[in-house]
K.L.:
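Have a look at this one before I ask anything.
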Amino acid sequence: MPNPWHCLLLLPACVAAVTLDCKHIRIDKKDFDLSALGGPKTIHEQRWLPPSISNTTFTIDLCSPLKKLKGVDSKEQCPSGTRVCGVEERYNPIDGVKEVVEVRPIAGEFSTSHGRAMDPEVTRLKESSNTDLEGLRIELRGGKFPETRSGNLQKAIVELLCDRELTGNEGFEEDGAAVDAASYGEMGRRADGDDDDDEPELPDLDKGKSLQFVSYKSEKDDVGVLRLTWKTKYACESAEKEPVKEPTEGNKTAGWGFFTWFIVVVFLLIAAYIIFGSWLNYSRYGARGWDLIPHGDTLRDLPYLVKEWVGGLTDRMKSVNRASEAPFLPLHAPPNRELGVLLERMKPRKKTIASASVQFVPSIRYLLAMDQEPSATAMTPVNLYWLPLQR
């Protein structure tokens with residue numbers, strides 16, 4: 001039993017130590033998944049106690065505590081936290097009277113109510129029994145009957161035997177209570193014709209079940225021990241996990257992605273900011289109506305700001321298009337009137353405008369110039385470059 005003071009610091013580890021996680025059981029570097037065996041399972045022990053029949057119904061759930069049954073008196077059920085419960089009923093076939101005699105919590109987690117932990121212990125059958133059987137042995141504790149100072153401790157020992165043909169849930173589909181009542185009625189009619197010394201044949205209420213009753217008796221130190229065997233493929237050491245079924249078009253459920261969660265979180269943050277800001281403006285400044293919303297003026301002007309920004313962007317795009325569509329000035333020999341005017345402007349710099357082996361220039365603002373005087377016979381362009389001119 002872990003020290004409770006250590007549990008305050010290592011709570012997850014202590015919880016794992018006193019509970020049984022059916023989905024993740026690791027023994028001797030071997031993993032087992034018994035989650036498919038979860039849920040309440042019932043098994044019976046019957047005895048002939050003339051003139052009555054004793055039927056003790058043992059209910060077990062390996063993976064979670066048993067739930068209370070609706071419509072049943074709480075005194076006829078085990079307390080909360082029980083994993084293995086035994087309820088003894090006695091039925092008189094003569095007058096048809098059935099009553100609950102004893103309720104025995106055999107195993108469970110009762111640390112908070114009675115200071116007793118379930119303290120599960122899981123071992124491999126190959127080690128605990130020194131045999132070649134493949135499977136697991138699970139011991140569950142915590143029960144006491146009767147719940148007095150002189151009561152006897154209880155525990156359940158479940159041996160899960162490897163059977164690759166059985167899931168472990170066989171035989172639990174029918175309603176056991178209905179079979180119980182019908183079988184007892186038929187058995188009572190047969191018992192009336194038998195001798196008093198002969199025991200009537202008790203009905204088999206657990207026929208076809210993979211979970212079977214072995215014994216329930218006091219063993220060492222007067223501890224009441226319930227022994228069960230359970231055949232299942234999930235106790236096999238080489239059992240393969242069932243493949244995960246791919247979702248079909250009919251039952252496919254799409255999960256939320258990162259961007260969906262991002263949008264949801266941003267929306268919640270904005271909503272929280274607006275709500276908190278509105279409350280602050282109301283409580284501190286007594287604002288009303290539109291003035292409650294934080295930055296209300298900016299939000300009112302937002303459509304106009306967007307419109308102005310779009311208009312400015314459109315004007316800039318139009319100006320760029322107009323510049324790219326400027327007319328071209330072709331150069332011909334002899335130069336035209338405008339080229340002559342530009343030539344007069346460049347005389348002080350001793351530059352000569354001549355035609356070159358180009359067909360167009362972008363506009364009148366750009367001319368082709370040469371760094372040498374023209375000769376009489378030919379004009380050879382040297383060091384051609386674009387020269388911007390001022391109008």
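Residue numbers run from 1 in the order of the sequence given.
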K.L.:
Does a sphere of radius 6.0 Å around NZ in K41 hold more than 12 heavy atoms from other residues, nucleotides or ligands, not counting ones at 6.0 Å or beyond?
P.N.:
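Yes.
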K.L.:
Please evaluate residues R137 and E159 with respect to the criterion salt bridge (charged side-chain N to carboxylate O under 4.0 Å, His left out), reporting the C-alpha separation (whole Å), side-chain torsions for both, the decisive distance (0.1 Å), and the verdict.
P.N.:
CA-CA 5 Å; R137 176 191 175 101; E159 291 188 351; 3.4 Å; yes
K.L.:
Could you tell me whether the side chain of L125 reaches within less than 4.5 Å of the side chain of L161, counting heavy atoms only?
P.N.:
yes
K.L.:
State, to 0.1 Å, how close T82 and A107 come at their nearest heavy-atom pair, and which atoms those are.
P.N.:
CG2-O, 3.5 Å
K.L.:
Where do I274 and P294 come nearest, in terms of heavy atoms and distance?
P.N.:
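What the structure gives for the nearest pair is O-CD, 3.9 Å.
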K.L.:
Does a sphere of radius 6.0 Å around CD in E147 hold more than 12 heavy atoms from other residues, nucleotides or ligands, not counting ones at 6.0 Å or beyond?
P.N.:
yes
K.L.:
Looking at CD of E237 and CG of L136, how far apart are the two atoms once the value is rounded to the nearest 0.5 Å?
P.N.:
7.5 Å
K.L.:
Give the minimum heavy-atom separation between K231 and L166, together with the two atoms involved.
P.N.:
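Smallest heavy-atom distance, with atoms named: CB-CD1, 3.8 Å.
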K.L.:
Evaluate the side chain to side chain contact (heavy atoms under 4.5 Å, CB included) criterion for residues Y234 and L160: first the C-alpha distance (whole Å), next the side-chain angles of each, then the deciding distance (0.1 Å), finally the verdict.
P.N.:
CA-CA 9 Å; Y234 299 106; L160 290 93; over 6 Å; no
K.L.:
Report, as yes or no, whether the 6.0 Å neighbourhood of atom CZ on R284 holds more than 12 heavy atoms from other residues, nucleotides or ligands.
P.N.:
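Not more than 12 within 6.0 Å, no.
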K.L.:
Does R227 use its side chain to pair, donor to acceptor, with the backbone of V214 at less than 3.5 Å?
P.N.:
no
K.L.:
Test of understanding: with side-chain hydrogen bond (donor to acceptor under 3.5 Å, both in side chains), list the residues that count as partners of T123, not counting sequence neighbours.
P.N.:
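For T123 there are no side-chain hydrogen bond (donor to acceptor under 3.5 Å, both in side chains) partners, ignoring immediate neighbours.
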K.L.:
Among L228, D61, T59, I60, exactly one meets side-chain contact (heavy atoms from CB on, under 4.5 Å) together with V84. Which residue is that?
P.N.:
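The residue from L228, D61, T59, I60 that satisfies side-chain contact (heavy atoms from CB on, under 4.5 Å) with V84 turns out to be I60.
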K.L.:
Provide the closest heavy-atom pair for I27 versus V122 in the form atom of the first, atom of the second, distance.
P.N.:
CD1-O, 3.4 Å
K.L.:
With F58, which residues qualify under ring pair (Phe, Tyr, Trp, His ring centres under 6.0 Å), at least two apart?
P.N.:
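Partners of F58 by the ring pair (Phe, Tyr, Trp, His ring centres under 6.0 Å) criterion, ordered by chain and then number, come out as F213, Y216.
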K.L.:
Which residues pass the side-chain hydrogen bond (donor to acceptor under 3.5 Å, both in side chains) test with R83, not counting sequence neighbours?
P.N.:
none
K.L.:
Could you check whether any side-chain N or O of S35 sits under 3.5 Å from a backbone N or O of K23, counting only pairs where one atom can act as donor and the other as acceptor?
P.N.:
no
K.L.:
Give me the atom names and distance for the closest heavy-atom approach of A235 to F32.
P.N.:
O-CE2, 3.6 Å
K.L.:
Hey, is NZ on K67 packed in by over 12 heavy atoms from elsewhere, all under 6.0 Å?
P.N.:
no
